[in-house]
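First comes the structure, then the notes that go with it.
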Amino acid sequence: MVAAPAQNTEPDTTARVRHADRLIEQAMEEHDPHLLDEAVVLLRGVAAELAPDDPTRLAPLWSLKSALQVRFGVYAHPADLDDAVALLRELLAGTPAQHPAIVDARADLADTLLGRYREAGQDNDLAEALALYEGGLPDLPGDHPARPGFLAGYADALLARAEAEQDVQALDEAIRAAGTAVDAMATSDHRTPQALCTLGLALRLRFRVRGRTADADAAVTTLRQCAEIADDADPNRPGYFANLGLALADRHAFGGDEEDLGQAIDALRRAVAGLPPESPEQHEAAWCLAAVLKERWDSDGDPSDLDEAIVNARSSIVSGPSGHPGLAVRRWQLGDALFERFELHERREDLDEAVTTLRQASVSAQRTGTPEPAAVNMRLGTVLAERYERYGAEADISEALELGQAAVAATADDHPELPSRVASLGYLLQTSSHRPGRDADLDEAVELLREALRAPLRSPTIAGGPDATGHPAAADPDAADPTGADAAPTSPGPAGAEAGPGSGPAGGRSEADGGEDGPDEQEGRNAVTFRLGLALSERFGRRGALADLDSAINAYRTLRDSTEPEHPLHALAATTLAQLESARAEEL
């Protein structure tokens with residue numbers, strides 16, 4: 001006689017919840033979001049069938065909450081996060097005060113509110129999360145197993161408030177809470193990497209606020225430990241390496257240790273390689289890597305760093321969100337990098353892509369106002385002028401001149417960048433004067449360059465400071481601090497901040513003024529003085545006016561005397577000066 005199969009005596013509700021839980025696990029293992037959708041529908045149906053006061057309703061609500069949180073991670077639909085918050089509030093309200101699950105409910109709701117705050121920026125979510133943490137801590141004695149994790153979440157919320165409100169007291173408290181949490185956790189605890197990450201980010205932020213080397217060192221040590229102990233399968237591990245890379249880049253910027261810069265690049269490379277392709281986190285990490293590589297290129301001049309920087313910058317822009325608030329800055333800086341590579345290899349495709357990218361930056365800047373559209377347009381104008389000089393398309397210099405004139409007209413009289421833009425317009429007019437019938441542009445160029453030198457300038461932005469070969473160098477607007485993202489691409493921590501490019505030329509007050517200036521100011525004066533000397537010598541060559549020749553000699557003598565012997569401009573100025581003095585002697 002064959003025995004009858006065993007009957008499933010499990011209640012239908014329990015069986016359906018268990019099936020939904022298996023669907024959630026399977027969806028995560030197989031990366032199949034359709035299984036999540038099926039689980040959500042199933043659990044909603046179970047919850048709807050049970051009375052609000054039915055104690056068995058809590059199980060499907062917990063599972064539904066988890067499914068919604070996981071699905072939000074896949075689709076990023078705000079409604080899923082809102083529904084998860086509502087369910088957690090219901091679960092917290094329906095759980096007896098002495099029930100062990102109350103701690104998990106409070107912590108989960110606080111964490112989810114903090115996550116929603118970071119997504120949507122609603123201050124009331126952050127305030128509620130902090131209140132939940134602060135209200136729950138007194139109920140957790142020092143030896144309670146949940147206290148370290150609860151403290152770590154509290155520290156993360158305090159860090160968010162410190163960032164939002166520039167609250168240094170909250171930052172100090174975040175560091176104390178995160179440190180206490182880390183000290184209470186075993187290295188093998190799955191919560192430890194997240195707690196270390198919060199501590200490291202808070203230390204990094206305090207270093208950026210107060211500039212204390214000890215905080216920079218502690219941030220690097222903490223974030224390195226975080227990345228090293230995280231399990232290879234931990235999806236947050238690449239983000240931990242991104243955090244480490246940014247902390248190392250900060251310390252390099254402060255102390256100048258080249259080893260820190262190399263390690264920052266290595267860490268950011270691991271982050272880019274490990275993050276999901278074309279995810280927002282990878283876009284941010286790729287941009288940070290590009291910026292740090294560009295910094296090393298500026299220092300060491302290794303073309304491979306410039307090539308890799310361009311690849312990563314291009315990737316972060318092309319595959320990133322079209323509405324990113326820093327898109328104009330990123331396009332501006334990619335355009336600059338492409339122009340630098342053109343100057344290195346003289347490949348026409350790099351120059352053309354630089355123009356296209358800067359035009360896109362101009363459109364983005366006009367839409368967002370950041371960075372200032374006039375600054376972007378002036379940079380575009382100088383690159384177009386260089387393309388005209390190299391390849392002779394008159395449309396390029398016509399467009400460049402229109403952009404430059406409009407940029408100066410849009411700049412207020414008290415704007416700190418007005419002198420640098422006036423100098424840039426002088427360069428554009430000088431270039432324009434090479435066209436037939438545009439001789440008057442050279443007169444205007446001379447006057448504008450003199451005007452620029454009578455005002456304080458900050459850093460050379462005109463394509464006017466020559467390189468070692470005597471060709472005009474690229475404009476060099478202060479890059480948005482590539483390491484200036486105030487956090488890493490993954491939580492805990494804030495989204496990366498991005499400053500706009502800074503300003504332009506460091507400058508002088510008169511053609512021959514030898515006043516005392518800082519290094520950046522002197523560099524700016526040198527750039528504009530070189531351009532003025534060139535314009536004056538050109539005008540002498542056309543018209544033979546000795547006053548122009550004498551002024552050009554004065555400019556190049558000033559340039560020679562204000563540069564160190566090893567500076568590329570020193571030899572160029574000395575050689576040009578000798579030629580002009582010889583020409584002057586022939587006139588006597």
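Computation of the quantities below employed the complete heavy-atom set of this structure, encompassing side-chain atoms and omitting hydrogens, waters and symmetry-equivalent molecules. Every value quoted in this text rests on a predicted model; they were computed, and no experiment measured them.
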Exercise. List the steps, then state whether salt bridge (charged side-chain N to carboxylate O under 4.0 Å, His left out) holds for D156 with R118.
Key: CA-CA 11 Å; D156 196 14; R118 288 206 167 104; 3.0 Å; yes

Exercise. Under the side-chain contact (heavy atoms from CB on, under 4.5 Å) rule, what do R331 and L358 come out as? Steps first, then yes or no, please.
Key: CA-CA 6 Å; R331 285 172 167 164; L358 288 167; over 6 Å; no

Practice problem: With side-chain contact (heavy atoms from CB on, under 4.5 Å) as the test, would you mind laying out the steps for R359 and S362 before giving the verdict? | Solution: CA-CA 5 Å; R359 281 182 174 143; S362 176; 5.5 Å; no

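Between Q194 atom CD and N236 atom CG the span is 4.5 Å, to the nearest 0.5 Å.
Under a 3.5 Å cut-off, the side chain of R147 and the backbone N or O of L140 do form a donor-acceptor pair.
Under the rule for a salt bridge (Lys or Arg N to Asp or Glu O under 4.0 Å), the partners of D80 that lie at least two apart in sequence or sit in another chain are R71. Residues passing the salt bridge (Lys or Arg N to Asp or Glu O under 4.0 Å) test with R270, sequence neighbours excluded: none. Residues that satisfy the ring pair (Phe, Tyr, Trp, His ring centres under 6.0 Å) test with Y117, not counting sequence neighbours, are absent from this structure. Under the rule for a side-chain hydrogen bond (donor to acceptor under 3.5 Å, both in side chains), the partners of E49 that lie at least two apart in sequence or sit in another chain are R16. The salt bridge (Lys or Arg N to Asp or Glu O under 4.0 Å) test applied to E258 returns no partner, not counting sequence neighbours. Q225 is linked by a side-chain hydrogen bond (donor to acceptor under 3.5 Å, both in side chains) to nothing, counting only residues two or more places apart in sequence or in another chain. With sequence neighbours left out, the salt bridge (Lys or Arg N to Asp or Glu O under 4.0 Å) criterion links R237 to D232. Judged as a ring pair (Phe, Tyr, Trp, His ring centres under 6.0 Å), and not counting sequence neighbours, the contacts of H77 are Y75.
Annotation for Q98: atom CD does not count as buried by contact number, only 12 or fewer foreign heavy atoms lying within 6.0 Å. Residue H190 places its NE2 atom among 12 or fewer non-hydrogen atoms of other residues, nucleotides or ligands, all under 6.0 Å distant.
Every pair passing ring-ring contact (aromatic ring centres under 6.0 Å, His included) that includes a residue from residues 194-218 is listed here, sequence neighbours excluded: F207-F254. Residue pairs meeting the ring-ring contact (aromatic ring centres under 6.0 Å, His included) criterion with at least one partner in residues 146-165, sequence neighbours excluded, are Y133-F150. Screening residues 366-375 for salt bridge (charged side-chain N to carboxylate O under 4.0 Å, His left out) gives E372-R421 as the qualifying pairs, with residues at least two apart or on separate chains. The stretch residues 56-70 participates, sequence neighbours left out, in these salt bridge (charged side-chain N to carboxylate O under 4.0 Å, His left out) pairs: R57-E90, K65-D108.
A donor-acceptor pair shorter than 3.5 Å cannot be found between the side chains of S316 and E284.
Salt bridge absent: D257 and R251 never bring a charged side-chain N and a carboxylate O closer than 4.0 Å. Under 4.0 Å is where a charged nitrogen must lie from a carboxylate oxygen, and between K294 and E308 no such pair does. Looking at R176 and E173, a side-chain N of the basic residue comes within less than 4.0 Å of a carboxylate O on the acidic one, giving a salt bridge.
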